[in-house]
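Step one of this worksheet: look at the structure below.
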2 protein chains.
Amino acid sequence: MHDLRTIRAKSGTNQEGTSAHNRRVVIEAIRLNGPLSRADLARATRLTKQTISNLIESLEADGLVASEDVVRGARGQPSTPYRLVPEGAFSLGVQIDRHLTRVVAVDLMGREVARVVANLPAGGPAEGSKLILGLIETVRRDLAARFPDSVHRLAGLGVAMPGPFGLPPSDDDTWMMAQWQSFPLVETLAAGTGLATSLQNDATACATAERMNGSADGLDHAVCIYFGYGIGAGLILGGELYTGSNRNAGEIGMVLFSRGGTQSPLEHRSSLASLFQHLGLDSATTEAYADVERLTLADDPRILDWLEGAAADMRQAVHMVETIFDPQTVILSGSAPEPLAKRLFEAMFPLIPSNADRPDRSLPRLQIGMVGPWAVALGAAAEPIRRAFDPLFSAILKEAP
Amino acid sequence: MHDLRTIRAKSGTNQEGTSAHNRRVVIEAIRLNGPLSRADLARATRLTKQTISNLIESLEADGLVASEDVVRGARGQPSTPYRLVPEGAFSLGVQIDRHLTRVVAVDLMGREVARVVANLPAGGPAEGSKLILGLIETVRRDLAARFPDSVHRLAGLGVAMPGPFGLPPSDDDTWMMAQWQSFPLVETLAAGTGLATSLQNDATACATAERMNGSADGLDHAVCIYFGYGIGAGLILGGELYTGSNRNAGEIGMVLFSRGGTQSPLEHRSSLASLFQHLGLDSATTEAYADVERLTLADDPRILDWLEGAAADMRQAVHMVETIFDPQTVILSGSAPEPLAKRLFEAMFPLIPSNADRPDRSLPRLQIGMVGPWAVALGAAAEPIRRAFDPLFSAILKEAP
DNA sequence: ACATTTAAGTCAAGCCATTTGACTTAATAG
DNA sequence: CTATTAAGTCAAATGGCTTGACTTAAATGT
């Protein structure tokens, strides 16, 4: 009998796992394709019409799907398409960035239904988490006022903040996020809200947002480059988010790049932080962001100067992730002022030739994100939704007793 | 009704999927932990004792597991551990490299049971594939002579060759692999052998080998750097092999690295090909390999010179994959002469500090592979075994009718 | 018009893998 | 030598998917 040495093994599954998987498959199919009839779903999922009927009945009873108007026009009995019910589930998300925090609520479709933004106090995570709990309460009340049912339909709380996680504080930590990373944030927020709480880095959250309602809709292999104070990549690999063994996958900001003979992390030259530094702006002020926007629109030479160098590094970063991940597409997303993001995107062309130049491509090699500055917060919020409703391998497995 | 536009959806599952998954989970548990009793398996997989008994009975009938001697020594009824039966399944693998080809047969444990190696004829894939079919036939006969039952227990044929796949031939193709890549190799070998045939790149195959019987045993997140004529990375992400959207993931040899102000693909400076070039050896001769081994053992200054530069690039490559993938460990494997591989490995220390320097590490950041020069062939052969017996998400899904 | 064809969706019985709970077996501990 | 602990079996029950026949309802074609 092995009880001291823990046995390494995957968990088995049973009929509950089967049914859980099939429910998720139905939900995802409708999410990706729009309203579908039972017959459509049966064909697409390879389940029988009867099974689909049972699942639809149960999903409808749970308020997750609803029928639309009967569709005529083809031979045979007219079909009844089913759509997702946005109010079928809700979820909360928190973005913690260097100087501000955003809290949003989203519905089953990942669409924003409530939001708050606030500056983070200087007091660090002890103070900050109290503030955040207050903001969550505000959003929750707002949500409850508009959707009274939402109280029983909260999938959880997703938190996103800059990584990397679990490392000893480095002397390179100019943004003082280290104290946040050593703070028991998930535990504090879980205790304070009573919600199932999960944590991911901002780039991963951004990828989730782009996948839910953006440029990565329905893609199984995509890299989402998040350009903000720092820079990172959110990874969608094989249809699922990939976060590595310690949730630090995709930290491309720390990859060493060479320019002009010197080697330094990408983040030191291609990030908002690097731009602030280049411009001599104090990133602690809220004006820095607006200043950048203004200077960009004015074609300030210092911006153009920085852009040239940043774009060169970004081209290389795109080449690197294409070569390493072989994705269907790369998405440039982030929280930079929109005009700057647009300029940077444009300055990145022409891209460096890579393995991604295939004759059979259907998507552009590089796309710009579609979600906007709230992407990270929305992605954080969408994470519990996806975990609860997406077909995942882990979802079929039996849980600990 | 949607019949023209194909509906994007995952497949559903049913009881067969459940049982298929549970069988695989049992097999994997025994593979990872060594012989286990039914009670152990029930605890580890969270299935009931009865279910495990049913599965074991079926697996035993299929000749995949067998009981060992009863274990006494603890309270209660003595337990009967079950082990995998190596002869329960076999599989064939082909490695195609620039100038040679290896064919092996492996058993359920991934251990070699037959092998052949031959030089590839100059005639290209049309000639070459005929030769390979002949070698496969030889190995098959050898296998059948030793294990008459193996005829009915062949899981398939795995093929491994250098990537990238599906790209227009580049002018950089100094090894003339392009004609192989445009040749319908899988179809030819499948038709010629009647076996289910699959293709992967050499680095991926190497990772499979290290996972089956090497340094990556049981790891869910590992990067296997394959150092051969070229250089690539095999990716084990989230417990499964990751190959990207076009089987080209991990082609780190094509990532651009800077050294001394110039930028070039890693492969141009860190690969056997680069060493041959550095030494002025003709890589088309079989002696080149032996020459390198001899020169390495003689501490030839040109080798030491090359080593210094290559090690610098490799350090950077390790830093890059650690930062991007957040793996549990990185494995240096490949088909270089053993003394050279060892020297290179040693010259890579000290590693560049990275996110992988965690206080909670249990594995070394960089390990050397344990499989040896036949790693790619063995990995190619192991692939059908793993696909048939490992717990995979895809294995629970219903197949096309 | 009206029969034919086509397709959506339901019904009820059946199937199959897991579960349940009681039971048997067989060892060690005291 | 009894109590305890644990492995493993037995037989019935459960639950989710499947099967095949059936109903409903529209478009098509003569």
Side-chain angles (χ1 to χ4, degrees), chain A residues 1-4 7 11-26 35-60 65 67-82 396-399 401, chain B residues 1-4 7 11-26 35-61 65 67-82 395-399 401:
Chain A
M1 200 196 98
H2 295 246
D3 35 10
L4 293 175
I7 303 178
S11 159
T13 186
N14 56 16
Q15 284 99 316
E16 280 177 57
T18 301
S19 145
H21 172 73
N22 289 343
R23 277 174 68 102
R24 287 163 182 256
V25 165
V26 167
L36 294 175
S37 69
R38 298 172 188 213
D40 285 334
L41 286 164
R43 277 186 294 268
T45 62
R46 304 187 206 283
L47 292 166
T48 60
K49 285 186 293 183
Q50 186 55 54
T51 299
I52 293 293
S53 270
N54 298 340
L55 291 170
I56 287 284
E57 188 182 4
S58 141
L59 290 169
E60 195 167 19
V65 306
S67 58
E68 299 215 298
D69 287 346
V70 161
V71 172
R72 280 162 241 270
R75 274 199 177 188
Q77 176 172 332
S79 65
T80 310
Y82 285 79
I396 71 160
L397 307 180
K398 300 181 76 171
E399 290 162 26
Chain B
M1 201 195 99
H2 295 247
D3 35 10
L4 293 175
I7 302 178
S11 161
T13 187
N14 56 15
Q15 285 97 320
E16 279 177 59
T18 302
S19 136
H21 172 75
N22 290 344
R23 277 173 69 101
R24 286 163 182 256
V25 164
V26 167
L36 294 175
S37 69
R38 299 172 185 211
D40 284 334
L41 286 164
R43 277 187 294 267
T45 62
R46 305 187 205 285
L47 292 165
T48 59
K49 285 186 293 183
Q50 187 55 54
T51 300
I52 293 293
S53 270
N54 299 341
L55 291 171
I56 286 284
E57 189 181 4
S58 140
L59 290 170
E60 195 166 19
V65 305
S67 58
E68 300 215 297
D69 288 345
V70 160
V71 172
R72 279 161 243 270
R75 271 199 179 189
Q77 176 173 332
S79 65
T80 310
Y82 284 80
I396 70 161
L397 306 180
K398 299 180 77 171
E399 289 163 26

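Per chain, numbering begins at 1; letters A, B, ... match sequence-line order. Small disclaimer: the values here were computed from a predicted structure and weren't measured. Below, each value reflects all heavy atoms present in this structure, side chains not excepted, and no hydrogens, waters or symmetry copies.
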_Please pick, from D:dG8, D:dT24, C:dG9, the nucleotide with the shortest atom-to-atom distance to any side-chain atom of B:Ser79._
D:dG8

Within less than 4.0 Å of OP1 or OP2 of [N], is there a side-chain N or O belonging to [X]?
X	N	answer
B:Thr48	C:dT19	yes
A:Arg43	C:dA8	yes
B:Lys398	D:dT18	yes
A:Thr13	C:dT18	no
A:Arg75	C:dT4	no

*Checking all strands, does A:Gly73 fall into the base, sugar-phosphate, or nothing category for heavy-atom contacts under 4.0 angstrom?*
sugar-phosphate

Taking side chain to side chain donor-acceptor pair (under 3.5 Å) as the definition, give me every residue that meets it alongside [X], ordered by chain and number, with sequence neighbours left out.
X	result
A:Ser67	none
A:Ser19	none
B:Gln50	B:Asn54

*B:Glu68: what forms a salt bridge (Lys or Arg N to Asp or Glu O under 4.0 Å) with it, not counting sequence neighbours?*
B:Arg83

*Just jot down the salt bridge (Lys or Arg N to Asp or Glu O under 4.0 Å) partners of B:Arg24, sequence neighbours excluded, or say none.*
none

*Residues from residues 50-59 of chain B sitting under 4.0 Å of DNA chain C, heavy atoms only?*
B:Gln50, B:Thr51, B:Asn54

